[in-house]
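Here the structure is a predicted model, which is why all the values come from computation and not from measurement.
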Amino acid sequence: MRKRSIWLLLSLLALLPVVRGQHLGFLAGGGWCLPNDQTFSYVSQPTGSAAILMEWPQADGWLLGVRADAMAMRHAIAGTRFSLSVNIEDRLFGPIDEVLELGLSAYTNPFRSSGDTLNALIGTVLNCHIGVGLRLRIPVDESHSLSFSTRLVHSSNGYLRKPNRGLNYLQAELGVHFAPVIRHTPIETAFQPMPVFRCFASYAPGVVQERGPVLDAPYYYAHSLLLGALHPLSRNRLLGAEVDFMYNYAHRAEARRNGDENPLPLYVGLCATYQRDWDRLFMRVSLGSDVVRSSYLLGYVYERIGLNYRLNSGHSVTPYVGAACKAYYAHIDYIEWTFGVEF
């Protein structure tokens, strides 16, 4: 298995001359594979990884790239992981960049026995790949630079198939880049005062698979209403809060199976929210906790990450559409389709 993994990585390297990327980088690092919750029978395990990163500078200064990497874990938890993801990198402050990864991961042994009652870890070979991180770029000369990065990455199949424990990784990386450090400042064609707050309201129908070992149905529906207000930190970054109202049929069925004939149907959460804009495209990340909920829900704390697209621009009311994943303790429970307005 290790020999096949090495040959797959060498094959990816052989394809590099075919793709004419303006910026090319090689990264190597290590870290820890972290359990999602207390259902795991193993402790956190060290990891090692190698990656190839190709990036293309955009007109307003940020970098759009493609990342391919391979990762090995101690005791071969779920086997070797191979990932391919879209990489978005942009200046956060000073020499520090923020990095977002969205893609797919494949595991060579996703059904490895972990000692728990479900006797599996990931549940599928192919999984989603979501990562966030910070990267420090250090110039060497006009055509080379070094980098130091920290990353938090999540892999799971979004509960599309059970069992699905998911895996999280905390990583540190060193990189060599065959490109200068690009630090463009977007050109402002006209000064426009920023509003004190940008408000939004959205409705998101979605699907969810219940966590219990017994399924009454393959999937359940959930409905979410989000109301929020964001304060601009700059022209493309906003920080604020939102209120999250959710009706979840899966938890209602779970409560009734446990003897509650009249379960609390409504969940209310409070979130801190960060938004990053790229013209009409924007990403919204929230971290929150339920303040009203059924007692049958596993955990209070949840995260939501969504990618949205504005249907127009320059208007006082702007409609948008998108998709989001909502997770409790890094288990992606919900896949949502978002319809909203900004004002």
Side-chain angles (χ1 to χ4, degrees), residues 34-39 98 100-102 128 130-134 152-156 158-159 164 166 168 170 197-211 220-233 237-252 254-255 263-277 282-308 320-343:
L34 307 174
N36 278 339
D37 52 36
Q38 296 180 355
T39 61
E98 61 180 3
L100 171 69
E101 303 170 27
L102 296 171
C128 72
I130 301 173
V132 293
L134 298 174
L152 178 62
V153 178
H154 169 79
S155 283
S156 74
Y159 264 79
N164 174 48
N168 302 311
L170 184 61
F197 286 101
R198 185 188 301 176
C199 300
F200 67 89
S202 68
Y203 163 67
V207 293
V208 56
Q209 193 174 52
E210 80 172 315
R211 291 195 177 194
Y220 292 86
Y221 293 104
H223 303 271
S224 295
L225 174 66
L226 305 179
L227 303 173
L230 303 172
H231 174 68
L233 302 176
R237 292 180 176 87
L238 302 95
L239 184 65
E242 65 184 60
V243 182
D244 181 355
F245 301 92
M246 181 185 69
Y247 190 101
N248 186 335
Y249 289 93
H251 294 158
R252 186 178 179 88
E254 227 176 302
L264 184 67
L266 184 65
Y267 297 76
V268 181
L270 297 177
C271 308
T273 302
Y274 171 74
Q275 181 170 309
R276 176 64 169 88
D277 290 351
F282 66 95
M283 176 191 66
R284 190 175 289 158
V285 180
S286 301
L287 177 63
S289 177
D290 288 316
V291 294
V292 176
R293 63 153 201 167
S294 168
S295 60
Y296 297 96
L297 176 63
L298 175 61
Y300 287 88
V301 179
Y302 62 89
E303 313 88 37
R304 177 187 279 111
I305 180 170
L307 196 63
N308 303 279
Y320 63 87
V321 296
C325 296
K326 183 181 179 183
Y328 278 85
Y329 291 120
H331 283 281
I332 295 180
D333 291 290
Y334 308 90
I335 300 175
E336 302 175 331
W337 294 270
T338 304
F339 305 90
V341 292
E342 292 179 313
F343 52 92

Quiz prompt | Side chain proximity check, Val285 to Leu100, heavy atoms < 4.5 angstrom | solution = no
Quiz item: Rounded to the nearest 0.5 Å, how far does OG1 of Thr273 lie from CZ of Phe200?
Solution: 5.5 Å
Self-check item: Non-neighbouring partners of Arg304 that pass salt bridge (Lys or Arg N to Asp or Glu O under 4.0 Å), sequence neighbours left out
Solution: Glu242, Asp244, Glu336
Exercise. Report the distance from atom NE2 of His154 to atom SG of Cys128, rounding to the nearest 0.5 Å.
Key: 5.0 Å
Quiz item: Hey, what do you get for CD (Glu303) to CD1 (Ile130), rounding to the nearest 0.5 Å?
Solution: 10.0 Å
Quiz item: Which residues satisfy the salt bridge (Lys or Arg N to Asp or Glu O under 4.0 Å) test with Glu98, sequence neighbours excluded?
Solution: Arg237, Arg276
Quiz item: Distance from Tyr302 atom OH to Ser286 atom OG, nearest 0.5 Å?
Solution: 7.5 Å
Quiz item: Side chains of Leu287 and Tyr274: does their closest heavy-atom pair fall under 4.5 Å?
Solution: no
Quiz item: Rounded to the nearest 0.5 Å, how far does CG of Leu225 lie from OH of Tyr247?
Solution: 15.0 Å
Quiz item: At their closest point, which heavy atom of Gly322 faces which heavy atom of Asn308, and how far apart are they?
Solution: CA-OD1, 3.5 Å
Exercise. Determine whether more than 12 heavy atoms belonging to other residues, nucleotides or ligands lie under 6.0 Å from atom OH of Tyr221.
Key: no
Quiz item: So Tyr320 and Phe282, would you call those rings parallel, tilted or perpendicular, with 30° and 60° as cut-offs?
Solution: perpendicular
Quiz item: What's the spacing between His231 NE2 and Leu239 CG if we round to 0.5 Å?
Solution: 9.0 Å
Quiz item: Considering only heavy atoms from C-beta outward, does the side chain of Thr338 approach that of Val321 to under 4.5 Å?
Solution: no
